[in-house]
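Down below is the structure, laid out as structure tokens.
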There are 2 protein chains.
Amino acid sequence: MGKLLKKCQNRGLKLTSQREVVISILENSEDHPDVDELFRRATEIDKSVSIATVYRTVKLLEDANFIEKHEFGDGKSRYEESGEHHEHLIDVETGEVIEFIDNELEELKEKIALKMGYELVDHRLELFGKKLKIN
Amino acid sequence: MGKLLKKCQNRGLKLTSQREVVISILENSEDHPDVDELFRRATEIDKSVSIATVYRTVKLLEDANFIEKHEFGDGKSRYEESGEHHEHLIDVETGEVIEFIDNELEELKEKIALKMGYELVDHRLELFGKKLKIN
DNA sequence: CTAAATGCAAAACCTTTGCCTCAAA
DNA sequence: TTTGAGGCAAAGGTTTTGCATTTAG
């Protein structure tokens, strides 16, 4: 049984067959699928999964902090399993999403919030860039 | 005539009475109103303004880079007049949006993108924080 | 067995658009 | 006068929800 599935079980979530499908897709995805894509992948495995259940499941998992929701500006919500914190760089030409982490940045954000009299509880950073051509 | 209104005129945009209302609201707003709120404020001044025109006008102004669109995670687009670049800190308890600018952060973002082989064309940073209580 | 989850379809949002009318330049 | 803009309402796209039915625990 996958780790995420186990976490859900430990949390006492009812593990229906449909949830298991959606959860295992989320834990085996390396990308940032939106609900439509999750639905597509889910029905490939089990045609009984409905889009409503996908929506309900991602909300459930998000509330449990097991997955994270992102909005990269195309109007749809995309999801990925929670894990080590990282930021996103979006290639504006290809739509590719590249994950990265920069410790200097992490420290700086805390510092800025603090300077403004706030405790940082969450943040969101996306860089949009064009790949440099090497001449 | 307001500056933004003048910029629109210089750009050759047709200045209808409805556009003038929406534009003047945008240039006199200190906050980040969504379309519904813009519509509300507009119809207070001129009941003939329709929500379709508000949508069409914000799109027009955004394409002209006269205003900026933000999505703070509540599913609606919010707008503000373009001006000096700044970031946003959102008070998670009150919803208040505080603008700030930090040069160290600006430099760092460029640096990170470059390090990854990208030219930064845009970015988005939002900090979500809780106000520190002073004991 | 029972509370909770599902599927389905309808509805709720936000946003866009077609079409005919109207008005700015 | 003419081309683009506006109003209205319908349609689009994403997400939520009510209800009868099914199912995990």
Side-chain angles (χ1 to χ4, degrees), chain A residues 1 5-26 32-64 66-79, chain B residues 1 5-26 32-64 66-79:
Chain A
M1 182 186 268
L5 228 25
K6 186 141 281 168
K7 277 165 76 178
C8 291
Q9 198 175 48
N10 293 342
R11 180 66 62 99
L13 302 181
K14 202 191 254 190
L15 283 188
T16 63
S17 63
Q18 294 89 340
R19 275 188 188 172
E20 280 188 31
V21 171
V22 175
I23 292 167
S24 70
I25 288 170
L26 280 163
H32 307 75
D34 59 32
V35 170
D36 250 25
E37 178 60 20
L38 288 172
F39 177 60
R40 208 190 54 68
R41 296 181 193 176
T43 47
E44 236 170 48
I45 297 167
D46 176 354
K47 283 217 278 273
S48 87
V49 178
S50 73
I51 189 112
T53 290
V54 178
Y55 273 106
R56 287 191 271 232
T57 303
V58 291
K59 172 161 290 176
L60 184 81
L61 298 177
E62 198 198 348
D63 289 347
F66 291 165
I67 63 173
E68 281 173 23
K69 169 153 85 169
H70 300 290
E71 283 161 42
F72 293 148
D74 56 359
K76 307 149 175 237
S77 298
R78 316 179 90 85
Y79 296 88
Chain B
M1 179 185 273
L5 228 26
K6 187 143 281 171
K7 275 164 76 178
C8 292
Q9 198 176 47
N10 292 342
R11 180 66 61 101
L13 303 180
K14 202 191 254 191
L15 283 187
T16 63
S17 63
Q18 295 91 338
R19 275 188 187 170
E20 279 187 30
V21 171
V22 175
I23 292 167
S24 70
I25 288 170
L26 280 162
H32 307 75
D34 59 31
V35 170
D36 250 25
E37 178 61 20
L38 288 173
F39 178 59
R40 209 190 53 69
R41 295 181 194 177
T43 47
E44 236 170 49
I45 296 167
D46 176 354
K47 282 216 280 271
S48 88
V49 178
S50 74
I51 189 110
T53 290
V54 178
Y55 273 107
R56 286 193 269 236
T57 304
V58 292
K59 172 160 288 181
L60 184 81
L61 298 177
E62 197 198 350
D63 289 346
F66 291 167
I67 64 174
E68 280 172 24
K69 169 154 84 170
H70 300 291
E71 283 160 43
F72 293 148
D74 57 358
K76 308 152 179 231
S77 298
R78 316 180 90 85
Y79 295 88

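Letters A, B, ... are given to chains in the order of the sequence lines, protein chains preceding strands, and every chain is numbered from 1. These numbers were taken from a predicted model, which means no experiment stands behind them.
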- Message: Can you measure B/Arg11 atom CZ to C/dA25 atom P for me and round it to whole angstrom units?
- Response: 16 Å
- Item | D/dT16 OP1/OP2 closer than 4.0 Å to side-chain N/O of A/Lys59 | yes
- Message: For a 4.5 angstrom cut-off between non-hydrogen side-chain atoms, does A/Cys8 reach A/Arg19?
- Response: no
- How long is the line joining CZ of A/Phe39 and C1' of D/dG13, in whole Å? 15 Å
- In whole angstrom, what separates A/Arg56's CZ from D/dT23's C1'? 14 Å
- Task: Could you state the atom-to-atom distance from CG of A/Leu5 to P of D/dA24 in whole Å?
- Result: 14 Å
- Quick one: are B/Val35 and B/Tyr79 in side-chain contact, heavy atoms under 4.5 Å? yes
- Message: Between P on C/dA24 and CD on B/Gln18, what's the gap in Å once rounded to a whole number?
- Response: 8 Å
- Message: Taking 4.0 Å as the cut-off, does a side-chain nitrogen or oxygen of A/Thr16 come that near to OP1 or OP2 on D/dA24?
- Response: no
- Taking only the side-chain nitrogens and oxygens of A/Tyr55, find out if one of them lies under 4.0 Å from OP1 or OP2 of D/dT16. no
- Task: Report the distance from atom CG of B/Asp36 to atom P of C/dT15, rounded to the nearest whole Å.
- Result: 8 Å
- side-chain N/O A/Arg19 vs C/dA5 OP1/OP2, d < 4.0 Å: yes
- Task: Starting at atom CD of B/Gln9, determine the distance to atom P of C/dA24, rounded to an integer number of angstrom.
- Result: 13 Å
- Message: Under 4.0 Å, heavy atoms only, any strand: does B/Lys14 hit a base, just the sugar-phosphate, or nothing?
- Response: base
- Item | A/Thr53 or B/Lys69, whichever maps to the more 5' nucleotide of DNA chain C | A/Thr53
- Message: When you compare the side chain of B/Lys69 with that of B/Val58, does any pair of heavy atoms fall below 4.5 Å?
- Response: no
- Between A/Ser17 and A/Val35, which has a closest nucleotide on DNA chain D that is more 5'? A/Val35
- Query: Under a 4.5 Å cut-off applied to non-hydrogen side-chain atoms, are B/Glu20 and B/Asp46 in contact?
  - Reply: no
- Message: Rounded to the nearest 0.5 Å, what separates atom CZ in B/Arg11 from atom CG in B/Leu61?
- Response: 10.0 Å
- Message: What is the separation between atom CD1 on B/Ile23 and atom P on C/dA24, rounded to the nearest whole Å?
- Response: 14 Å
- Task: State whether B/Ser77 places a side-chain N or O below 4.0 Å from either non-bridging phosphate oxygen (OP1 or OP2) of C/dT15.
- Result: yes
- Message: Of the options C/dC8, D/dC8, D/dG25, whose atoms approach the side-chain atoms of A/Leu15 most closely?
- Response: D/dG25
